[in-house]
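What follows is a single structure, written as structure tokens, with notes after it.
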Amino acid sequence: MCGIIGYVGKKEKKKILLDGLQELEYRGYDSAGIAIIENQRLKHFKAIGKLENLREKTKKYESSNFGIAIGHTRWATHGKPTELNAHPHLGKYSFVVHNGIIENYQEIKAELQNKGITFLSQTDSETIVHLFESDYEKNRDSFQAFTNTINRLDGAYATLLITEVEEETIFFAKNGSPMLIGFSGEDIYFASSDTPIIRKATEVYYLEDGEYGYSKDGNVTLFNQEGEKSFIKKPLTTNKASAQKDSFRFFMEKEIYEQGRVMGETMMGRVLDNSINFDELEKSLFENITNIKICACGTSYHSALTGAYLLERIAKIPCQVEIASEFRYKEPLLQASTLFITISQSGETADTLEALKMAKRAGLKSLSICNVDNSSIVRESDNAILTRAGIEKGVASTKAFATQTMVLWMFTLYVAQLKKSITQEQLQTEINAMIHTPKALLVTDKLHAKLHRLSKRYLHGHGFFFIGRDIFFPLALEGALKLKEISYLHAEGYPAGEMKHGPIALADSELFTIALMPSSMQYEKIKSNVEELSARDATILAISPKPFELADDCIRTKYSSHPMLEFFEMMVATQLLALEISIRLGNDVDMPRNLAKSVTVE
Ligand code: M6R
């Protein structure tokens with residue numbers, strides 16, 4: 001989703017901005033822009049589409065004296081992806097970049113328009129710059145004007161503002177959308193996540209909601225509702241983990257191949273010879289806890305659903321799963337005996353973060369399962385388990401899902417140990433299976449070649465149904481989501497036993513059914529469900545370790561002894577299927593249309 005970068009200092013600013021935006025590119029965007037003030041000269045450039053377009057437009061421009069600079073990648077929410085709607089937004093002498101959504105922008109816009117102010121864009125963000133200038137023109141105090149401006153805003157924002165009337169200062173504010181400040185000597189950086197400033201800044205401060213201020217002369221002055229406040233910088237990691245595609249065609253492809261290796265990281269120090277250990281969890285976490293609620297969005301929601309099956313079956317603890325955007329407004333009845341778990345790859349998903357804040361306000365203990373340390377969700381949670389998948393650049397999540405699911409499996413065993421709801425023998429069986437997971441995730445040349453060949457038969461038709469039972473139902477949901485995200489073909493995930501209650505009406509030879517048929521879990525049941533579809537002429541692609549004579553196509557998996565090993569092996573097959581279909585259709589696998597990697601608006 002939208003990305004922000006800002007800089008105050010003497011270095012070449014265009015490069016800092018464009019390289020910073022490049023690091024944020026994987027999050028998804030449809031236009032980009034930069035604005036720089038140097039030697040009393042304000043310059044700005046905007047371009048729609050890829051950053052190359054902006055690089056092309058700025059190629060003759062350089063800025064190597066002291067100055068201030070802001071940049072932005074925009075993922076359209078209010079108004080189409082056009083140059084006018086791209087950030088930075090211009091007033092008469094100031095520029096603003098903004099992430100988030102200003103909920104009361106129409107009211108503010110109407111008020112400003114009544115005063116004769118002209119808006120150039122359809123965005124909510126443009127109101128910030130006009131509000132600022134209209135206040136400044138009354139009081140001639142730029143910081144007061146900025147403070148008054150942000151006090152008028154409802155909704156979520158991370159914003160930077162520069163103005164010719166204060167040409168050595170960047171004003172900043174954060175509420176609900178992430179923003180951090182990086183420090184390196186006299187150089188000050190701003191960014192919506194730490195990736196663009198790693199190895200540039202040495203220290204960092206992650207702004208809290210409600211904080212705002214300005215940066216000038218190599219210093220940052222910070223305020224919140226109580227007034228000026230001090231803050232403590234933290235060392236910034238130098239580990240960029242900046243993903244390169246290596247020899248792969250797409251990041252998503254590379255990330256599918258990486259899953260076996262990263263799973264080793266996820267398990268390290270946690271899966272011991274005969275127990276599961278989470279050093280990061282408070283020993284008292286489970287005191288007075290009788291049940292669990294997991295809240296997440298998208299792919300993370302699918303791993304949550306998988307985890308709920310495991311937690312109830314193995315750890316014998318009631319577990320409910322909620323879609324974060326639904327949970328926020330359903331006026332849920334929350335009890336202090338519930339452990340509230342959020343799952344998020346990015347740790348910045350607005351709906352999940354707000355759900356977590358709600359649960360905390362209601363007094364619940366919280367735990368997040370997340371891939372990004374220091375993200376908003378991790379910082380907001382009482383406890384966090386990092387999934388250690390490494391940076392995931394493909395918008396369609398793969399290794400994040402795999403590692404979230406592994407963490408939930410480990411966590412289940414950890415809870416089962418605490419609650420003594422598992423025998424040592426059962427625990428040992430689970431651990432033995434767990435240790436085999438990296439092998440189940442291996443992508444062999446044979447498997448990839450088979451999916452490449454098969455994919456050409458699945459490019460048309462009127463839709464896909466991914467079906468499975470038990471934990472293979474959330475895997476079916478995830479398989480369908482992967483396919484629709486990157487192929488733009490219609491796909492649904494369905495519980496196999498539910499097809500006969502309606503969707504079977506769609507069955508004909510143009511309905512593609514991807515049947516997840518594990519041998520270690522309800523094989524006979526799912527087999528009958530698939531037979532019902534086959535009898536109605538649906539085209540069946542069976543993914544199973546067993547032969548299935550009614551299948552039109554078959555991916556024969558290797559593992560058949562443990563449901564989780566079957567789960568992970570089948571997951572890889574569905575990911576590769578989506579990848580190969582998308583490549584054949586000529587789509588941008590890593591940055592599918594309309595999608596963003598990190599969804600920081602509700
Ligand atoms: O960063 P999060 O895990 O909180 O993101 C949640 C969803 O936006 C995300 O999983 C989305 O569905 C992915 N594009 C799936 O591939």
Side-chain angles (χ1 to χ4, degrees), residues 1-3 24 26-29 75 77 177-178 192-193 195 250-253 255-256 259 294-307 321-328 341-357 368-381 384-405 407-408 466 474-488 491 493 571 574-575 577-579 582 587-602:
M1 198 144 272
C2 306
L24 295 169
Y26 72 97
R27 296 159 65 99
Y29 69 105
W75 185 79
T77 54
S177 298
S192 48
S193 75
T195 344
F250 294 96
F251 281 112
M252 180 185 175
E253 184 178 30
E255 287 157 6
I256 293 171
Q259 293 178 114
I294 316 183
C295 210
C297 303
T299 285
S300 300
Y301 170 72
H302 299 155
S303 71
L305 288 173
T306 312
V321 182
E322 307 256 8
I323 290 180
S325 54
E326 286 299 311
F327 175 79
R328 287 178 66 181
I341 302 183
T342 46
I343 306 182
S344 174
Q345 180 281 131
S346 62
E348 303 296 349
T349 302
D351 285 319
T352 312
L353 179 60
E354 287 309 314
L356 167 60
K357 289 180 184 167
S368 60
I369 296 174
C370 190
N371 198 34
V372 182
D373 198 5
N374 280 319
S375 57
S376 303
I377 288 178
V378 167
R379 283 181 283 127
E380 189 69 35
S381 305
I385 301 177
L386 295 176
T387 48
R388 304 179 185 160
I391 193 165
E392 187 180 69
K393 286 218 164 188
V395 165
S397 187
T398 51
K399 60 178 182 170
F401 173 73
T403 52
Q404 287 166 351
T405 309
V407 165
L408 284 158
F466 285 69
L475 183 58
L477 289 172
E478 176 57 11
L481 179 65
K482 270 325 57 110
L483 183 65
K484 74 183 132 203
E485 281 188 298
I486 59 173
S487 72
Y488 320 141
M571 177 198 76
T574 57
Q575 292 168 341
L577 178 69
L579 175 84
S582 173
N587 297 343
D588 186 343
V589 171
D590 287 331
M591 283 190 238
R593 69 182 186 203
N594 306 337
L595 297 183
K597 182 71 186 161
S598 172
V599 184
T600 50
V601 293
E602 76 163 296

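Whatever order the structure lists ligands and atoms in, that order sets their numbers, starting from 1. The shown structure was predicted, so the numbers you read here are calculated from the model rather than taken from an experiment.
- The pair Arg328-Asp351 counts as a salt bridge, with a side-chain nitrogen and a carboxylate oxygen less than 4.0 angstrom apart.
- Residue Val395 approaches ligand 1 through these ligand atoms, each under 4.0 Å from one of its heavy atoms: 13 (C), 14 (N), 16 (O).
- Among protein heavy atoms, the minimum distance from atom 9 (C) of ligand 1 is reached at Thr299 N, 4.0 Å.
- The CD atom of Gln345 sits 7.5 Å away from the OG1 atom of Thr387 when rounded to the nearest 0.5 Å.
- The contact set between ligand 1 and Cys297, taken as ligand atoms under 4.0 Å from a residue heavy atom, comprises 6 (C), 7 (C), 10 (O).
- Rounded to the nearest 0.5 Å, atoms CG (Asp588) and CG (Leu595) are 10.5 Å apart.
- With Val378 as the partner, the side chain to side chain contact (heavy atoms under 4.5 Å, CB included) test is satisfied by one option alone out of Asp373, Ile369, Thr342, Asn371: Asp373.
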Walk me through whether Ser381 and Ser368 qualify under side chain to side chain donor-acceptor pair (under 3.5 Å).
CA-CA 6 Å; Ser381 305; Ser368 60; 3.1 Å; yes

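- Residue-level proximity to ligand 1 for Lys482 is carried by the side chain, the only part with a heavy atom below 4.0 angstrom.
- Less than 4.0 angstrom separates some heavy atom of Ala396 from each of these atoms of ligand 1: 16 (O).
- One finds the CD atom of Glu485 at 8.0 Å from the CE atom of Met252 (value rounded to the nearest 0.5 Å).
- Although no hydrogens or angles enter the test, the distance criterion places a donor-acceptor pair under 3.5 Å between the side chain of Tyr488 and the main chain of Arg593.
- Here is the list of ligand 1 atoms found below 4.0 Å of a heavy atom in Glu485: 13 (C), 14 (N), 15 (C), 16 (O).
- From the protein, the heavy atom lying nearest to atom 4 (O) of ligand 1 is Thr349 OG1, 2.4 Å.
- Shown in contact with Ser344 at under 4.0 Å from a heavy atom are these atoms of ligand 1, numbered in order with element: 1 (O), 2 (P), 3 (O), 4 (O).
- Counting only heavy atoms of the protein, atom 8 (O) of ligand 1 lies nearest to Val599 CG2, 3.8 Å.
- Atom 1 (O) of ligand 1 has Ser346 OG, 2.6 Å as its closest protein atom, hydrogens excluded (heavy atom only).
- In this structure, the separation between OG1 on Thr299 and CD on Gln404 is 7.5 Å, given to the nearest 0.5 Å.
- The distance criterion of under 3.5 Å between nitrogen or oxygen atoms is met by Ser300 with respect to ligand 1.
- Near Gln345, meaning under 4.0 Å from one of its heavy atoms, ligand 1 places the atoms 1 (O), 2 (P), 3 (O), 4 (O).
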